[in-house]
Amino acid sequence: MQSSRFLESLAVPLLAGFLLAPLPAAAGDHDKVAPEAVRRAVEAGEIKSLADILAALRGKLPGEVAGVEIERQRGRWIYEFRLVDDKGRLYEAYVDARSGEIERIKEK
């Protein structure tokens with residue numbers, strides 16, 4: 001009798017955890033793109049070049065750029081910068097590639 005209650009006490013949290021677990025992101029939420037697609041988007045004026053974005057962001061980011069990626073998220077181009085400040089803290093900054101607007105900065 002007690003073993004039955006023990007199993008029930010385990011089953012409820014396990015089932016709840018399974019049902020409440022986040023679903024994996026849908027394909028296409030964060031599409032990696034080929035460099036050729038990025039070049040075409042810059043040439044077509046859909047997005048700003050990395051050089052233009054970096055010039056516009058000078059002094060607005062909390063550290064030095066240590067890496068950058070560009071990807072399409074929900075049909076929008078986003079530059080994702082990895083930054084390191086003078087104390088060694090790591091950040092990620094997300095910048096709209098069309099407008100150059102900083103959308104989000106988070107400390108890692």
Side-chain angles (χ1 to χ4, degrees):
M1 186 69 126
Q2 285 190 352
S3 65
S4 169
R5 286 189 166 223
F6 176 73
L7 290 176
E8 287 177 8
S9 68
L10 285 177
V12 172
L14 288 174
L15 181 60
F18 177 76
L19 293 175
L20 298 175
L23 297 174
D29 280 357
H30 301 275
D31 296 337
K32 296 287 182 192
V33 293
E36 186 66 25
V38 175
R39 186 179 62 75
R40 282 195 306 266
V42 170
E43 289 175 354
E46 293 176 32
I47 62 173
K48 294 182 179 182
S49 69
L50 179 58
D52 289 345
I53 293 288
L54 287 171
L57 295 176
R58 191 166 292 128
K60 297 178 181 175
L61 297 174
E64 297 295 320
V65 175
V68 63
E69 291 181 1
I70 187 167
E71 57 187 31
R72 288 186 64 91
Q73 295 180 4
R74 297 179 188 100
R76 297 177 49 230
W77 293 94
I78 302 292
Y79 283 106
E80 179 181 327
F81 293 94
R82 288 182 184 75
L83 310 161
V84 180
D85 73 4
D86 58 352
K87 294 179 180 167
R89 291 180 293 218
L90 302 174
Y91 297 89
E92 284 185 351
Y94 299 88
V95 177
D96 183 299
R98 179 183 291 268
S99 69
E101 179 181 327
I102 299 171
E103 294 192 345
R104 181 171 48 120
I105 297 175
K106 68 178 182 180
E107 187 173 351
K108 296 289 289 180

key: From CD (Glu80) to CD (Glu103), nearest 0.5 Å   = 11.5 Å
query = Under the side chain to side chain contact (heavy atoms under 4.5 Å, CB included) test, which residues partner Val68, sequence neighbours left out?
reply = Leu50, Tyr79, Phe81
request  = With the side chain counted from C-beta on, respond yes when Ile78 and Ile70 share a heavy-atom pair under 4.5 Å apart, and no when they do not.
outcome  = no
ask   = Heavy atoms, side chains only, cut-off 4.5 Å: are Ile53 and Ile47 in contact?
value = no
message = Strictly by salt bridge (Lys or Arg N to Asp or Glu O under 4.0 Å), give each pair with a member in residues 42-52 just once, sequence neighbours left out.
response = Arg39-Glu43
ask   = Gly63 and Leu83: which non-hydrogen atoms are nearest, and at how many Å?
value = O-CD2, 4.1 Å
Got a list of side-chain donor-acceptor pairs under 3.5 Å for residues 85-97, not counting sequence neighbours?
{"residue": "Asp85", "atom": "OD1", "partner": "Lys87", "partner atom": "N", "Å": "2.9"}
{"residue": "Asp85", "atom": "OD1", "partner": "Gly88", "partner atom": "N", "Å": "3.0"}
{"residue": "Asp85", "atom": "OD1", "partner": "Arg89", "partner atom": "N", "Å": "2.8"}
{"residue": "Asp85", "atom": "OD2", "partner": "Arg89", "partner atom": "NE", "Å": "2.7"}
{"residue": "Asp85", "atom": "OD2", "partner": "Arg89", "partner atom": "NH2", "Å": "2.8"}
{"residue": "Arg89", "atom": "NE", "partner": "Tyr91", "partner atom": "OH", "Å": "3.4"}
{"residue": "Glu92", "atom": "OE1", "partner": "Tyr94", "partner atom": "OH", "Å": "2.5"}
{"residue": "Asp96", "atom": "OD1", "partner": "Arg98", "partner atom": "N", "Å": "2.7"}
{"residue": "Asp96", "atom": "OD1", "partner": "Ser99", "partner atom": "N", "Å": "2.9"}
{"residue": "Asp96", "atom": "OD2", "partner": "Arg76", "partner atom": "NH2", "Å": "2.8"}

request  = Mind listing the closest non-hydrogen atom pair of Gly100 and Leu57 along with its distance?
outcome  = O-CD2, 3.9 Å
remark   = Contacts of Glu64 meeting salt bridge (Lys or Arg N to Asp or Glu O under 4.0 Å) (sequence neighbours excluded), chain-then-number -> none
task = Please name all residues satisfying side chain to side chain contact (heavy atoms under 4.5 Å, CB included) with Ala66, sequence neighbours left out, ordered by chain then number.
result = Val84
